[in-house]
Amino acid sequence: EQKLYGELTNKLFGYSGSQDMIKLLRMCVVGEAVMLRDSKDKYLDSNILEKISGLMNFFTQIRSGQFFQLTIMIAMYIGKPSRPELHVIDSKGRIESKFTLPYKTIGSGADKADSILTGEWKDNMSMTDFARLGYCIIKFMEDIDPKGSVGGDPHIRYLPYGSANDIEPKVQEWIEFKESLPKCLADFRSSYPLTI
């Protein structure tokens, strides 16, 4: 299922967790953004994290405190930074914005993906290089655990520097991702045997 959405201008949302909770949160965020468009309580760059954190707390209240699986990653431009800011909000409404690395993984495969990313990360990676790496990691995890919750056709979106909207990879990039897969899988199998 798709888990990346350009919900609001200058923002790219990635989700992990229950599909029902993802749908509910998306309806609330988009619905509130429209309903509050002319209100003083509208979504702003300065309050979006707190508003979504509040929605997560609201979901906990209406579920009588019962845990639900949902994590949101938000990449967004505020002002003119050289790269988007990255934030994660968990199902308890906790906001994490400081990361020791320039990337963050979420979801059930995060630990395995982190072990590979640690070895493959390069500081000068382009978005396309990182997308190719992410594609290969997802396909590797699917290969080593076909019945797991990670796999299928990876969904990739870019939030280019200085752009108001996110975009998908070009057709040629998808071709290159697929062509690089056999070598990636072979390299990962030899370099990360503990992941299997």
Side-chain angles (χ1 to χ4, degrees), residues 1-111 113-114 117-118 121 123 125 127 130-131 134 138 149-150 154-168:
E1 299 261 352
Q2 180 174 329
K3 294 192 174 184
L4 290 174
Y5 298 92
E7 307 287 26
L8 304 171
T9 303
N10 297 332
K11 293 161 190 66
L12 183 59
F13 289 66
Y15 299 93
S16 75
S18 158
Q19 283 296 323
D20 291 340
M21 293 307 294
I22 291 170
K23 288 176 187 170
L24 180 60
L25 183 75
R26 290 188 65 231
M27 285 190 299
C28 289
V29 169
V30 173
E32 275 197 344
V34 171
M35 287 186 319
L36 299 175
R37 184 187 62 215
D38 298 323
S39 164
K40 63 179 176 64
D41 294 324
K42 66 185 172 186
Y43 280 77
L44 302 169
D45 290 343
S46 59
N47 70 8
I48 188 164
L49 300 176
E50 289 76 20
K51 282 189 151 310
I52 293 175
S53 172
L55 283 172
M56 297 295 254
N57 289 320
F58 175 68
F59 292 168
T60 300
Q61 288 174 357
I62 61 174
R63 293 174 55 93
S64 301
Q66 182 184 13
F67 176 77
F68 58 93
Q69 192 69 24
L70 181 60
T71 303
I72 307 131
M73 180 181 293
I74 305 168
M76 61 183 182
Y77 279 115
I78 296 177
K80 298 248 181 215
S82 61
R83 63 176 44 174
E85 292 181 5
L86 191 59
H87 308 275
V88 174
I89 303 173
D90 68 14
S91 58
K92 295 182 179 179
R94 294 178 296 212
I95 302 168
E96 184 182 3
S97 297
K98 303 279 186 213
F99 307 104
T100 56
L101 299 166
Y103 57 82
K104 178 72 175 168
T105 57
I106 60 174
S108 61
D111 291 340
D114 277 341
L117 277 166
T118 299
W121 174 259
D123 287 332
M125 272 188 158
M127 282 191 296
F130 189 77
I138 290 168
S149 62
V150 177
H155 185 224
I156 297 171
R157 299 206 57 91
Y158 301 134
L159 185 59
Y161 299 148
S163 175
N165 298 309
D166 56 290
I167 58 172
E168 290 187 357

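- Under the 3.5 Å distance criterion, the side-chain polar atoms of Ser91 are matched with a main-chain donor or acceptor of Phe68.
- The side-chain hydrogen bond (donor to acceptor under 3.5 Å, both in side chains) check on Asp166 picks up Arg157, with sequence neighbours excluded.
- At a threshold of 4.5 Å between non-hydrogen side-chain atoms, the residues Val88 and Met73 count as touching.
- Distance check: Ile156 CD1 to Glu168 CD gives 9.5 Å after rounding to the nearest 0.5 Å.
- Legend: residues meeting side-chain hydrogen bond (donor to acceptor under 3.5 Å, both in side chains) with Ser16, ordered by chain and number and at least two apart, are absent.
- Smallest separation of non-hydrogen atoms from Leu159 and Asn10: CD2-O, 3.9 Å.
- Of all heavy-atom pairs spanning Leu44 and Asn47, the tightest one is N-OD1, 2.7 Å.
- The distance from the CD1 atom of Ile106 to the CG atom of Leu70 is 8.5 Å, given to the nearest 0.5 Å.
- Legend: residues meeting side-chain hydrogen bond (donor to acceptor under 3.5 Å, both in side chains) with Asn165, ordered by chain and number and at least two apart, are absent.
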Identify each donor-acceptor pair in which a side-chain atom of residues 51-61 lies under 3.5 Å from a protein atom, sequence neighbours left out, and give them as a table.
| residue | atom | partner | partner atom | Å |
| --- | --- | --- | --- | --- |
| Lys51 | NZ | Asp41 | O | 2.9 |
| Ser53 | OG | Gly93 | O | 2.5 |
| Asn57 | ND2 | Ser53 | O | 3.3 |
| Thr60 | OG1 | Met56 | O | 3.2 |

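- The stretch residues 16-27 participates, sequence neighbours left out, in these salt bridge (charged side-chain N to carboxylate O under 4.0 Å, His left out) pairs: Glu7-Arg26.
- If you take CD on Glu85 and CE on Met76, they are separated by 5.5 Å, rounding to the nearest 0.5 Å.
- For Glu32, the salt bridge (charged side-chain N to carboxylate O under 4.0 Å, His left out) criterion is met by no residue, not counting sequence neighbours.
- Considering every non-hydrogen atom in both Pro154 and Ile138, the closest pair reads CG-CG2, 3.8 Å.
- Atom-to-atom distance recorded for Ile72:CD1 and Ile22:CD1 is 9.0 Å, nearest 0.5 angstrom.
- Taking CD1 from Ile48 and CZ from Phe13, the interatomic distance works out to 4.0 Å, rounded to the nearest 0.5 Å.
- Within the structure, salt bridge (charged side-chain N to carboxylate O under 4.0 Å, His left out) contacts touching residues 87-103 (residues at least two apart or in different chains) are Asp90-Arg94, Glu96-Lys104.
- Smallest separation of non-hydrogen atoms from Leu12 and Gly6: CD1-N, 4.0 Å.
- Judged as a side chain to side chain contact (heavy atoms under 4.5 Å, CB included), and not counting sequence neighbours, the contacts of Ala33 are Leu8, Tyr43.
- Here Gln2 pairs with Tyr5, His155 under the side chain to side chain contact (heavy atoms under 4.5 Å, CB included) rule; sequence neighbours left out.
- One distance of note links CG of Asp38 with CG of Leu36; it measures 9.5 Å at 0.5 Å rounding.
- Contacts of Tyr103 classified as ring pair (Phe, Tyr, Trp, His ring centres under 6.0 Å), with partners at least two apart in sequence or in another chain: Trp121.
- Ser18 is linked by a side-chain hydrogen bond (donor to acceptor under 3.5 Å, both in side chains) to nothing, counting only residues two or more places apart in sequence or in another chain.
- In this structure, Lys11 and Asp45 have side chains that are in contact, with non-hydrogen atoms separated by less than 4.5 Å.
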